[in-house]
Amino acid sequence: MDLSFDLVTALDRMLAGAAPHAGLVEPGFTPEVRPADPVHGDFQANGVLAYAKRHRQNPRALADTLVRQLGELTPLFDIAIAGPGFINFKLKPATLLAWLKAHATRDALAAGAAAAEHGHTVVVDYSSPNTAKQMHVGHLRSAVIGEAICRLLEFSGAKVIRDNHVGDWGTQFGKLLWAYKRHLDPAALARDPLEEFERLYKTGNHAAEADPAVLKEAQQELVKLQAHDPENLALWKKINDTSLAAFQQIYDQLGIRFDAMLGESFYNDRVDQIYRELMACGLAGESQGALVVFHPEHPRFKTQPFIIRKSDGAANYATNDLATILYRAEHFHATDALYVVDKRQSDHFDQLFLTAGKWFEKTDRALPRLEHLDFGTVLGENGKPLQTRSGENIRLKDLLAEAVERSYRLVSEKNPELPDSDRRAIAQIVGVGSVQYADLSQNRSSDYVFAWDKMISLDGNTAAYLLYAVARIHSIFRKLGLPPGDAAPEAGAIPFETPAELALARKLTHFPDALDLAVQQLRPHFLCTYLYELAGEFSTFYNADKVALEDAPVRARRLILCNRTRLLLETGLQLLGLRLLTKM
Ligand code: ARG
């Protein structure tokens, strides 16, 4: 029995084939299968009820006729008609076993998923911090969510291009350069260059606020930079290179490798084409010296301008983003471009996508699917955006260091006999993983409260809980003297019988549904919820049913359950961007 297919698709096909034989012939009608609440069945057929209603037939009788016409897959399921005419499919114990045997490796899981995004080239724009500043807690979400989305899409068969759209050409450079030339502290620069840049920027900013003459000088520094003055350009490059090196340390901790780092400056000499084309196709017009786009059909954007060239003649964020879309379409042949950016920028992206849509249509280009994957704010326990006690932004590197330190304490409490170097290494993975997972396990569009005690804990929906569940399965195999990936001890298994076995096996077969939901909606928290429930189901099973038995066929089937739980937890955690442990 070949079960390496996607069960939903297979059932859909079977239902579509049976429908005409059962007399369900309305044009365009096909019954449809969706994953169901597992109490009632694993899958449920939809649409028959509505069909019966439209044709004034008895829905239960119609469902009954349809079920009698079902073909090849019926032996795999217990099929029941429930309520007014729902058709429920429940995998039989032998089918559960066959599914688990067919999904023994990460590759087998990926093969099932790979159809979903096949043929897509997806540019994911994420992290994208501004240079000359440290990354702070506000930069956490884009990096963490973006990376998880890249991994989920790749697993589902897409070609993914990770593009860090660094803000390296902002107006901050005018004030920074002004201060750099007057107030640089060379010793501080040598100690911690990013810290010194930040201090200089603040100095420049204060001075410009206090004195209009300084503001003018700072603006002139920016104009000189934009005109490629060699001195300013060299300083600018030094500041950017230093920033990127510091960002890289964070990316290394989070396991992120970008394919491209095309910052805003990359698009400098590509903006003239934008002005020309948008004017030529009648989208952009002058307004108070600036070049702007209005959208007459939109309630707000008919009067709220999308500024694409400022009145001083400079390009801005919007211009760069328009040039970026063109580049991604032409150079990367992107079918999709996703922007993992704070939801407070939603107006910008709405205007950007509307403008790009009209521009591409008028110039006969194929527009990639553009989507803003928004996320909410990280809040402190007081419900306000997370900050230090003194009201400063919390630096990401300090936050990660604290997470590792707290995890070290947790690990040391749990397992004091482990050598210190092991506990340190484990704490690194648990600490960073806890921060990632706390972020990913929430619906990304909501704000969430950053609470150390909840996040670094062995109880609840946390990284530590899941990593520990994986480590526990590894220790089961270590005690039995078996390598966990080995198929030999699984031979001779007979179908599941106990309630705990059946519940766990059933939960395991729902992995593709959870993955599919996370990928379709580009929301990793669906996968988190599933992994948490799976780990809970495993615990129940392991407490109820002994694995190390004499009875070989029963032991074999229980080893399959252990091993697949390990595989799915590990695969899922990796897709979220976490690193794994075999001991904890
Ligand atoms: N640098 C911007 C910021 O810090 C985010 C850039 C997001 N990406 C984009 N293509 N606009 O707010």
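When reading the values below, keep in mind they use all heavy atoms of this one structure, side chains included, and skip hydrogens, waters and symmetry mates. In each ligand, atom 1 is the first atom listed, and ligand 1 is the first ligand listed.
Residues passing the ring-ring contact (aromatic ring centres under 6.0 Å, His included) test with Phe450, sequence neighbours excluded: Trp452.
A tilted orientation is assigned to the rings of Phe353 and Tyr339, their planes being inclined by 30° to 60°.
In this structure, the side chains of Gln304 and Asp347 come closer than 4.5 Å at one or more pairs of heavy atoms.
Side-chain N/O atoms of Tyr251 and Asn164 include a donor and acceptor closer than 3.5 Å.
Taking a heavy-atom cut-off of under 4.0 Å, ligand 1 is surrounded by Asp125, Ser128, Asn130, His165, Tyr317, Asp321, Tyr339, Val341, Gln345, Phe349.
Put simply, CZ on Phe197 and NZ on Lys238 are 6.5 Å apart, with the number rounded to the nearest 0.5 Å.
Stacking of Arg424 on the aromatic ring of Tyr408 is recorded, both the 6.0 Å distance cut-off and the 45° axial limit being met.
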